[in-house]
**Q** 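One structure coming up, written as structure tokens, with questions to follow.
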2 protein chains.
Amino acid sequence: MPISRSFTRLGLPLEAGLHEDGRRLTPQRRRVLDLFESHGSGIHLSAEEVHHQLVQSNSKVSLATIYRTLRLLVKMGFLHELELSEGGHRFELACHDQPDHHHLVCVRCGRTEEFESDQILQAGRFAAEKIGFKLVESTLNVRAICPSCQ
Amino acid sequence: MPISRSFTRLGLPLEAGLHEDGRRLTPQRRRVLDLFESHGSGIHLSAEEVHHQLVQSNSKVSLATIYRTLRLLVKMGFLHELELSEGGHRFELACHDQPDHHHLVCVRCGRTEEFESDQILQAGRFAAEKIGFKLVESTLNVRAICPSCQ
DNA sequence: GTGCGTGCAAAATCTTTGCATACGC
DNA sequence: GCGTATGCAAAGATTTTGCACGCAC
């Protein structure tokens with residue numbers, strides 16, 4: 001009976017990436033990334049929420065470490081920092097299957113949906129190159145009203 | 001010799017809009033909006049920067065009032081709150097000539113350029129309507145590297 | 001064993017709020 | 001004059017930092 005590898009898929013890159021810089025894989029760092037992975041790519045969490053959820057599941061991590069870890073994981077490319085002003089900064093798992101995805105936010109209830117669009121990616125790239133910029137990534141934030149709030 | 005009306009163009013809507021809600025046009029509110037108007041539509045300011053610039057020009061306004069005024073002007077539609085994580089929230093003049101414009105930010109030096117794109121607007125609207133959302137506004141944030149940083 | 005990472009608490013930021021006074025209407 | 005807006009200072013919220021200890025390597 002083969003052991004599932006789905007959960008170790010991202011495990012190795014984390015450890016390897018850390019060791020490249022002389023950094024260490026600590027249980028705290030592992031737990032933070034695990035939390036995002038267990039939720040999947042659609043979830044947006046604030047530092048406070050990450051802390052709360054980890055404490056709930058009996059993982060002892062201090063809030064200061066959460067902040068340090070989130071910044072680290074963003075710099076390493078495992079997480080993205082969102083710019084939605086949902087009240088404080090929020091983070092989501094960086095999913096390399098869909099590198100440039102966009103957010104639809106209901107301005108009344110805050111419900112958030114994600115979508116992708118090659119057309120938007122191309123339009124962003126075109127605008128960037130027109131003035132000599134090299135595109136890194138782009139996200140469209142669409143403020144809208146969801147069906148139940150209309 | 002005719003008196004220029006360019007600076008009163010937006011002056012009346014502010015006063016009228018305030019009076020509609022039983023609010024008042026105070027020198028402080030006028031000065032905050034004037035500051036944004038004098039810079040034009042391409043400038044992004046934080047609350048702290050607005051305060052600093054007004055104090056520099058000998059206008060006495062407290063920081064608390066800046067915060068209250070910025071929120072008010074956003075709610076009234078005179079300013080937009082930006083979601084660029086340039087470090088703290090930032091605001092820009094809402095220019096109705098270009099309601100949905102986008103931002104190119106150099107990830108290395110922070111240089112910011114603006115652009116418009118009907119294509120992006122349409123793609124955002126399409127994505128919204130596909131799941132029953134009604135588009136309010138959309139902005140694409142493009143993270144890129146500018147020519148001098150490449 | 002070395003030195004990076006953590007927890008804790010304090011500090012630094014950023015933003016909001018309560019209340020007495022000032023002033024637009 | 002009525003009631004909103006302001007200034008001030010204090011409180012709240014969020015994020016960062018210093019330092020001694022612990023643990024990954």
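Order of the sequence lines sets the chain letters (A, B, ...), proteins ahead of strands, with each chain counted from 1.
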**Q** Could you check whether any side-chain heavy atom of A:His101 comes within less than 4.5 Å of a side-chain heavy atom of A:Glu137, counting everything from C-beta outward?
**A**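 No, side chains not in contact.
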**Q** What is the distance, rounded to the nearest whole Å, between atom CG of B:Leu63 and atom P of C:dT15?
**A**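 Whole-Å distance recorded here is 9 Å.
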**Q** Figure out the CZ/C1' separation between B:Arg30 and D:dA5, and round it to whole Å.
**A**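 About 16 Å, once rounded to whole Å.
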**Q** From A:Leu104 CG over to B:Ser138 OG, what is the distance, rounded to the nearest 0.5 angstrom?
**A**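 If we round to the nearest 0.5 Å, A:Leu104:CG and B:Ser138:OG are 9.5 Å apart.
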**Q** Taking CD from A:Gln28 and C1' from D:dC21, how many angstroms apart are they, rounded to a whole number?
**A**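 It is 13 Å, rounded to the nearest whole Å.
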**Q** To the nearest angstrom, how far is B:Glu48 atom CD from D:dT15 atom P?
**A**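 In whole Å, D:dT15 P lies 17 Å from B:Glu48 CD.
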**Q** Using a cut-off of less than 4.0 Å, is there contact between a side-chain N or O of B:Tyr67 and OP1 or OP2 of C:dT15?
**A**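 So the side chain of B:Tyr67 is within the cut-off, an N or O lying under 4.0 Å from OP1 or OP2 of C:dT15.
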**Q** Starting from the 5' end of DNA chain C, give me the residue, B:Arg71 or B:Pro27, whose nearest nucleotide shows up first.
**A**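 Residue closer to the 5' terminus by nearest nucleotide: B:Arg71.
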**Q** Start at the 5' end of DNA chain D and walk down; is the nucleotide closest to B:Leu18 or to B:Ala64 reached first?
**A**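 With B:Leu18 and B:Ala64 compared, the 5'-side residue is B:Leu18.
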**Q** Counting only N and O atoms by type, is there a donor-acceptor contact under 3.5 Å from the side chain of A:His51 to the main-chain atoms of A:Val61?
**A**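 Yes.
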**Q** CD of B:Glu49 versus P of C:dC14: gap in Å, rounded?
**A**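 The answer, rounded to whole Å, is 10 Å.
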**Q** Can you see if the side chain of B:Arg68 gets near the phosphate of D:dA5 - specifically, an N or O under 4.0 Å from OP1 or OP2?
**A**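 False: B:Arg68 side-chain N/O out of range (4.0 Å or more) of D:dA5 OP1/OP2.
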**Q** To the nearest angstrom, how far is A:His51 atom NE2 from D:dT14 atom C1'?
**A**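 So the two atoms are 14 Å apart, to the nearest Å.
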**Q** For B:Leu14 and C:dG24, give me the distance from atom CG to atom P, rounded to whole Å.
**A**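 Rounded to the whole Å, the gap is 14 Å.
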**Q** What is the separation between atom NZ on A:Lys60 and atom C1' on D:dG22, rounded to the nearest whole Å?
**A**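 It is 14 Å, rounded to the nearest whole Å.
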**Q** Using only side-chain N and O atoms of A:His89, determine if any of them is under 4.0 Å from OP1 or OP2 of D:dT14.
**A**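 Checking D:dT14 against A:His89, no side-chain N or O comes under 4.0 Å of OP1 or OP2.
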**Q** Do A:Arg23 and C:dG3 share a donor-acceptor pair, side chain to base, under 3.5 Å?
**A**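 No such pair is found, so the answer is no.
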**Q** For A:Thr26 and C:dT6, is the shortest distance between a side-chain N/O and OP1 or OP2 below 4.0 Å?
**A**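 For C:dT6, OP1/OP2 do have a side-chain N/O of A:Thr26 under 4.0 Å.
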**Q** Measure up the B:His103 and B:His44 rings against each other and bin them: parallel (under 30°), tilted (30 to 60°), perpendicular (over 60°).
**A**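 Ring orientation, 0 to 90° scale: perpendicular.
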**Q** Does D:dG7 have its OP1 or OP2 closer than 4.0 Å to a side-chain nitrogen or oxygen of B:Thr65?
**A**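 Indeed, a polar side-chain atom of B:Thr65 lies that close.
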**Q** Do B:Arg24 and D:dG3 have a side chain to base donor-acceptor pair shorter than 3.5 Å?
**A**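 Such a pair exists between side chain and base.
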**Q** What distance separates A:Glu48 CD from A:Tyr67 OH, expressed to the nearest 0.5 Å?
**A**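 If I round to the nearest 0.5 Å, the distance is 6.0 Å.
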